[in-house]
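Everything below concerns the one structure shown next.
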Amino acid sequence: MIWETVIGLETHVELATRTKIFCGCSTSFGAPPNTHCCPVCTGMPGALPVLNRRAVLLAVRAGLALGCTVSRRCAFDRNNYFYPDLPKAYQISQLYLPLCRDGAVDIGGGKTIRIAELHLEEDAGKLVHDPWTEQSLADFNRCGVPLIEIVTRPDFSAAEEVIAYLEKLKLTLQYLGVSDCKIQEGSLRCDVNLSVRPAGSRELGTRTELKNLGSFKAIARAIDYEARRQIELLEEGRPVVQQTRRWDENKDATFPMRSKENAQDYRYFPDPDLPPLELEEAWLDSLAAAQPEMAWEKAARYQTQWGLSADDARTLTGRKPLADYFEAVVELGAPPRRAAGWVLGQLLAALGARGLEAEHIPLPPAALARLIHLVETGALNRNTAARVLEAVFDAGGDVDGYVAAHGLGQISDPAAVEEAARAALAANPKALADWRAGKGKAKGFLVGQVMARLQGRADPALVNRAVDALLEESK
Amino acid sequence: MEFYNLTALELAAALKKGEVSVAQAVQAARARMEARREDNAFLTPLSPAPESIDLDASPLAGVPMAYKDNICTRGVPTTCASRMLEGFVPPYDAAAAEHLTAAGAVCMGKLNMDEFAMGSTSETSCRGPVRNPWDPQRSAGGSSGGAAAAVAGGQVWYAIGSDTGGSIRQPAAHCGVTGMKPTYGAVSRYGLVAYASSLDQIGPIARSAADCAAVLDILRGRDRRDSTSVELPGGPLLDALTGRVKGLSIALPEQYLEDGLEGGVAAAVREAADTFRALGARVETVSLPALDWAVSAYYILACAQASSNLARFDGVTCGRRAPEGRDLAQLCAASRTQGFGREVKRRLLLGTFVLSHGYYDAYYKKALQAAALIKDGLNRTLEEYDLILSPVAPTAAPRLGESLSSPLEMYLSDLYTVPANLAGLPAVSFPCGLDGEGMPVGVQLMGRALEDAAVLNAAHAFQLATPWHKMHPEGGKRP
Amino acid sequence: MRMSEEMADYVAGLAMLELDGEERREMAGELEKILDYMAALDSLDTAHAPPPGPVLPLKNVLRPDEPAPSLPREELLACASARDGEYFLTPRAVE
């Protein structure tokens, strides 16, 4: 039998606010445990939530970019369950009146994924198991970090489509400034709902939910594994059990997680602590009008406006910080195609060698722009410039200072220039003959030859003067 | 005259004039707390030594007072009269406590109550019941029983309570003092341990409507930390007390005077209506059928919200941890089972049930709709009338030990007070007589949202014309 | 509304409460009585009920995305049932 896989995604994305969704504690990642906590986010008695305006703004931006209808009126509900990473024992979320509904994401190849809804909610804390004491250690720094949950319809049929969707989602949200979408830091987390059915069937099979997917690679592998597992079960005539399964990276397999899956009864009800949101049409319109340029729009512009190749444009816009960096270099006067060459060449190589991400480029855009300028004006040749870039990359980017300190700049010793000029003339008797024959261009060639012998570092005026003097001498 | 016969405003005036020092007032309060220890009104008595009270800070600066023990006080245990919160010392003040401290309030301690404010008699406290200062065999009412008893017994001049379904007004009535539930949101709930978030409201219990106005002037104000808080419009409530009710129209819901109401209470309420007539108000009976659903709607909403609000007390991250427990779930269940008393458990079970899968629509959603209808009905009546007059409770204070055996009957006795919570309206309860056994009887006035001043003014007018609020349990019955 | 002991057990499980045999019977009985009384709500015509909502028509109560001080960790952990110097301690959470 031929089987087809049906997949839906629930993606949680942490919003790039400075403070938590319902209190003023910081959302920054990596702080010492339990130092970004207050009575509100740790659910201490009597504490009350107050909604962060920016969380709403970012969520609406995301909804608009994903083609959703933004609800004019929405509200918050409590999702009640006991777990030690949730100190209030309820999560404030949106069930009855979510912020956004009915979006769509074009993932290329003529395929569109429908978004069922996008809503705001709060994140839970983190538990670390201590093997020595058989206890768990709870860190509530992440409690109350704002999240959007984006729920798709079961529109995917393969892992590649899921990855394409996630890549697009990630780019979109990064470009919007909605989230940094770092899957390693957990700011983008994805649960997969998967079932299989005989090809052509209209009914959905029994689904399982896959969790603990820590990378795009893990997502793809887990989908492939789980689809195979379900197909094997069905082919053996055994049923698929509806359950939540955990992906085990080391074992390359999924394992059942919650034994009491059906005992989950979240008892949602409207949160009486939070009045509803009523969004003004005019505000939504102004937000829609102010949506930033998206990656694919930028890539198209790089090609038409600046003549970049499609590949270069796509690579540059593939990471917003890289595109921002590139544009900053161009803004500072570098010719776009040269700038693209440097960013995609030397700069990415330098980043790669250091294991750095594009948002952490230590070299200021102005330094690269200066370097390109020096090359363009012939003050440095390309190889020297590449050496300079490598040398100043982590050291503040003082290009001129480095060039001066290491004598890489113009050679201003007349004797050295004269020596090089003599050698160049001696090596190019034809050019000399041409000059004598009145071909003015030949002098330019000879100047270039002298420059080349001096690795482009000589003062052009000095070179000109030396060449003129020798030509005069040879008359 | 003993200090404890003064109202809070009278004591404050004496303090400002220098006739009495704050230390003397505190000493007098301590002496009364000692004398009335048997009432069991205090859970955590304090001996403040206030040295630098600015007597100009507010009209009540320097006056000793106390808080119901569900209002968080920084550095002072806040237990909600529950074993679950034994040892909990909040690192923050409730907004109400911040306001009062800034106003020069002198805190004498934390007051007994029904556990987590769940009860109508202050008998569900893990520290034993509050006794009514008028008769130690009777309940002081609840859940703010400690607050009402402390004020009635002259231990403090005013107290801060909370009212979710009548928890300020009913004990005030049972103890012969005045209690005010402000418009929902008028006082920040920040730092009030939540029972039912959409119904909870902090308010004063004192010896007169004027005292309540002075306290509410301190408590009121929009708080950035409470999304449901609002600013009461207008100037100081105290300045709005003209004492005139001439020309006001007052509605008296007819079903409130029918079955279930004890004879002595009915008579006292009718007499109160006559007093308002004599003062120049028009009092008419009206029909308000939606009120029949109030108790059901109230208990569904309150218990459901409580089941969520109290879920955080699991002995794991918050609340007293049970000494044993094999695993996480067991430890959590053991902590809750040992930490909560029976009434709390009953309400948590009821509240969990009405939210559980398959029952939400039939119960919780229906109750929300019923509440909306009740609010609508009350608001319509209040378009036609300025105020609604009603009993506070069907009987005077019940005898201790009589109420808990039948939870449903206890719940039904809240029928007069819960509508104000469901509709968020301001309501004041004040003494209007004594029943045949010499126990105080209270009457309630409910007004339009945000018009707390009108409600307090009408009660003030009544108190200018009658002696009931001046009765003291030790000072004989009818003066 | 019949409240069976099984139902009482299910609800107690959700509420994280343990009921022993006696208590389960009694609680189930009490809840049944209360729910019977509440069943009267069924007869309330809510077809024309105004939409439920907060008491006052509040909406869009928001705060700016500005940091406020967190609680010092010692004060935060002092409220915990069990703690070490850095963390809240809980029995081992499965999963």
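In what follows, every chain begins at residue 1, and chains take the letters A, B, ... in the order their sequences are listed. Scope of the values below: all heavy atoms of this structure, side chains included, with no hydrogens, waters or symmetry mates.
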CA sep, side-chain torsions, deciding dist, call: Asp265(A), Tyr10(C), side chain to side chain donor-acceptor pair (under 3.5 Å): CA-CA 10 Å; Asp265(A) 184 340; Tyr10(C) 171 74; 2.6 Å; yes
Residues Ser70(C), Cys25(A); criterion side-chain contact (heavy atoms from CB on, under 4.5 Å); working and verdict: CA-CA 6 Å; Ser70(C) 292; Cys25(A) 289; 3.1 Å; yes
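Contacts with chain C were tallied for Gly24(A), Pro276(A), Pro84(A); Gly24(A) has the most, counting heavy-atom pairs under 4.5 Å. Your options are Leu71(C), Thr90(C), Leu77(C), and the one with the most heavy-atom pairs under 4.5 Å with chain A is Thr90(C). Of the listed residues (Leu62(C), Leu58(C), Val61(C)), the greatest number of heavy-atom pairs within a distance under 4.5 Å of chain A belongs to Leu62(C).
Between the side chain of Arg54(A) and the backbone N or O of Pro64(C) there is no donor-acceptor pair closer than 3.5 Å.
Neither the backbone nor the side chain of Cys41(A) has a heavy atom closer than 4.5 Å to any heavy atom of chain C. Neither the backbone nor the side chain of Leu274(A) comes within less than 4.5 Å of any heavy atom in chain C. Contact of Pro32(A) with chain C is made through backbone and side chain together, with heavy-atom distances under 4.5 Å. At a 4.5 Å heavy-atom cutoff, the contact between Pro91(C) and chain A is made by backbone atoms alone. If you measure heavy-atom distances from Thr42(A) to chain C, the contacts under 4.5 Å come from the side chain alone. Within the 4.5 angstrom heavy-atom criterion, only side-chain atoms of Val56(A), from C-beta onward, approach chain C.
No side-chain heavy atom of Leu137(A) sits less than 4.5 Å from a side-chain heavy atom of Glu86(C). Contact annotation: the side chain of Cys37(A) never approaches that of Arg73(C) to less than 4.5 Å [non-hydrogen atoms, C-beta and beyond]. Using a 4.5 Å cut-off on side-chain heavy atoms (C-beta onward), Glu278(A) and Asn60(C) make contact.
With hydrogens and angles left out, the side-chain atoms of Thr19(A) and Asp65(C) include a donor and acceptor closer than 3.5 Å.
Atom-to-atom distance recorded for Gln135(A):CD and Phe88(C):CZ is 14.0 Å, nearest 0.5 angstrom. Put simply, CD on Glu74(C) and CG on Asn34(A) are 11.5 Å apart, with the number rounded to the nearest 0.5 Å. Taken to the nearest 0.5 Å, the OG1 atom of Thr17(A) stands 12.5 Å off from the CD atom of Glu66(C).
Closest non-hydrogen pair, Arg267(A) versus Leu14(C), comes out as NH2-O, 3.6 Å. Minimum interatomic distance between Phe22(A) and Arg63(C) (heavy atoms only, all atoms of both residues): C-NE, 3.9 Å.
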